[in-house]
Amino acid sequence: MADSTVLVVGGGGREHALCMSMHESPRVKTIHCTPGNAGTASFVTNHSVSASDVEGLISLAQSIDADLVVVGPEAPLCQGLADRLADAKIPCFGPVQALAHLEGSKLYAKSIMRAANVPTADYHVLNSNSDIEAALDDFSGKPWVVKRDVLAGGKGVVVTEQRSEARAFILESIESDGQVLLEEFLVGEEASMLVVMDGSGFVCLPASQDHKRAFDGDLGPNTGGMGAYCPAPVVTELVRQTTIDTIVQPMHDYLSDLSTPYRGVLYVGLMIPDSGMPSVVEFNVRFGDPECQITLPLVKSDVFDLLLATSQDRLSSLDIEFNTSHAVTVVLAAEGYPQSPKKGRRIHGVPAHHPASNTGAWVNHAGTGFDEEGNLISTGGRVLSCTAQAASLEVAVGQAYALITSLSLEGAHYRKDIGFRALTARD
Ligand code: AMP
Ligand code: GLY
């Protein structure tokens with residue numbers, strides 16, 4: 001029976017994908033999204049509460065009598081939104097504040113990984129009393145990896161072969177934050193595994209691969225993600241099982257033993273060397289963006305059921321099924337992204353949204369809105385992404401690119417090689 005009301009917090013491509021997937025559920029009556037974007041506006045009710053306004057979000061969830069709140073971004077989780085929703089007796093998909101620090105503090109994540117004996121890069125914590133040169137010597141011969149211990153929106157990590165650059169970022173970070181991490185450089189190929197977990201169990205979604213650099217061939221500045229595909233063949237069945245045995249199961253054992261278990265999705269950023277023994281590069285406490293857009297379509301089971309059960313510690317009672325298809329998404333980024341994206345430009349050619357058509361190719365809106373005349377305009381750096389799902393990655397890639405070349409936005413750019421690692425690995 002369609003009797004449930006859901007509130008999705010956030011306004012990017014990830015939240016558009018969450019709304020699309022839950023819209024398919026026969027159990028969902030109404031979806032609200034805040035702040036949403038032009039894509040969500042076409043089939044759910046958008047609100048103007050910011051995703052970082054915890055008080056406003058609680059009031060909104062209460063006023064619409066939400067049966068479930070699904071939190072897209074990490075910031076409100078780090079501010080305690082899940083804790084406040086628990087006080088208000090509203091189920092929340094997303095962990096409590098203490099556990100959101102797995103993303104909010106890299107040092108906290110490292111300490112949990114040590115406690116749970118999970119493989120990750122070796123590291124030094126440096127502060128104003130540390131011998132910085134000795135620490136740099138310790139990891140010399142490979143690039144240095146310096147990580148700030150704060151939520152820095154993707155700008156908190158420097159990977160460099162220049163000792164002077166590493167030293168400068170260390171000093172700058174100690175000055176602003178009091179301490180900083182210097183990490184051993186890990187060699188291998190990266191992949192993302194999204195693990196839905198609660199106190200009762202966990203479900204690993206098919207692994208994906210994001211393309212974080214702005215330009216083709218993995219060159220140029222780091223971005224939030226320029227495109228992704230799923231499943232990622234670098235995560236073979238053996239790598240997947242090793243990841244479960246050495247990372248996911250120990251993390252779940254640790255987290256489910258706490259007074260409030262982890263209820264949400266744990267994004268496990270993996271580095272997979274030739275040996276196939278994965279290490280954790282990072283944890284995020286939310287779906288990846290754009291990984292969410294290409295992972296949810298591969299979930300055959302009801303996504304609303306999955307997220308609601310997780311918020312209520314009932315995950316182990318579900319049997320989650322997946323499609324055997326392949327999905328890919330290609331991000332259309334604004335001129336100047338990632339440094340200084342130009343906003344407010346008209347977007348042409350975007351097809352009308354058909355939420356029940358999670359097959360073929362479709363547009364996931366991200367930074368989109370309307371001008372005063374109701375025209376579709378860009379409002380962010382990552383404007384939208386073209387997503388396709390097909391029986392093979394080759395076909396899905398062809399469909400996503402056919403769609404993106406039919407759109408126009410002045411000055412926009414996109415990568416032409418999304419999925420190249422998987423496609424060339426097969427040749
Ligand atoms: P993070 O914010 O921790 O995910 O780091 C951002 C990016 O820096 C990652 O996606 C990797 O490409 C790279 N990176 C982070 N840590 C390491 C490491 N220990 N070794 C190699 N590359 C890393
Ligand atoms: N696409 C990487 C992230 O969401 O962090």
Side-chain angles (χ1 to χ4, degrees), residues 10 12-15 17-18 71-75 77-78 100 102-110 113 118-124 138-139 141-161 166 169 173 180-194 205 207-214 218-230 232 234 264-273 278-296 328-331 333 338 364 366 381-382 385 415 418 421:
R14 166 181 51 209
E15 288 76 21
L18 284 162
V71 187
E74 66 282 5
L77 295 168
C78 291
L102 281 170
E103 179 166 354
S105 162
K106 296 200 184 271
L107 201 48
Y108 175 72
K110 286 287 193 193
M113 282 188 268
V118 163
T120 186
D122 204 3
Y123 64 100
H124 291 290
D138 212 18
F139 293 141
K142 290 187 201 160
W144 286 279
V145 181
V146 186
K147 297 187 174 180
R148 290 182 63 196
D149 190 36
V150 291
L151 262 189
K155 298 198 177 64
V157 178
V158 164
V159 180
T160 178
E161 292 184 40
F169 192 60
S173 305
V180 68
L181 267 80
L182 178 66
E183 231 182 67
E184 170 200 5
F185 180 81
L186 297 170
V187 178
E189 193 171 330
E190 286 184 75
S192 313
M193 191 182 273
L194 301 175
L205 305 185
S208 57
Q209 195 168 56
D210 180 20
H211 297 61
K212 287 189 178 158
R213 300 299 192 106
D218 286 340
L219 300 173
N222 243 322
T223 71
M226 293 297 291
Y229 63 98
C230 183
V234 63
V265 59
L266 184 67
Y267 170 127
V268 184
L270 294 169
M271 188 69 84
I272 304 157
S279 292
V280 175
V281 175
E282 63 165 340
F283 287 130
N284 294 324
V285 297
R286 50 169 175 83
F287 284 107
D289 188 339
E291 289 94 329
C292 183
Q293 291 87 309
I294 39 92
T295 306
L296 289 185
V328 66
T329 197
V330 182
V331 170
N364 283 117
R382 290 190 293 176
S385 69
R415 278 184 58 164
I418 302 300
R421 286 189 199 284

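Read the numbers this way: they start at 1 and go in the same order the structure lists the ligands and their atoms.
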Exercise. Between R213 and E190, is there a side-chain N and carboxylate O pair less than 4.0 Å apart?
Worked result: no
Seminar exercise, completed: Distance col, row Y108:OH vs M113:CE, nearest 0.5 angstrom, shows 11.0 Å
Exercise. Where on F287 is there a heavy atom closer than 4.0 Å to ligand 2, on the side chain, on the backbone, on both, or on neither?
Worked result: neither
Exercise. Counting from 1, what ligand 2 atoms have a heavy atom of G288 closer than 4.0 Å?
Worked result: 4 (O)
For this session: Decide whether the shortest distance between a heavy atom of G225 and an atom of ligand 2 is less than 4.0 Å.
Result: no
Seminar exercise, completed: Closest to atom 3 (C) of ligand 2 (heavy atoms only, candidates R286, R382, R14) is R286
Exercise. Can you list the ligand 1 atoms lying under 4.0 Å from a non-hydrogen atom of E282?
Worked result: 1 (P), 2 (O), 3 (O), 4 (O)
Problem set entry | atom 2 (C) of ligand 2 [closest protein heavy-atom partner, distance rounded to 0.1 Å] | D210 OD2, 3.4 Å
Exercise. So is there a nitrogen or oxygen of L186 less than 3.5 Å from a nitrogen or oxygen in ligand 1?
Worked result: yes
Exercise. Below 3.5 angstrom, do we get any N/O pair linking E282 and ligand 2?
Worked result: no
Exercise. Under 4.0 Å between a Lys/Arg side-chain N and an Asp/Glu carboxylate O for R415 and D218?
Worked result: yes
Exercise. Once you round to the nearest 0.5 Å, how far does CG of L102 lie from CG of L77?
Worked result: 11.5 Å
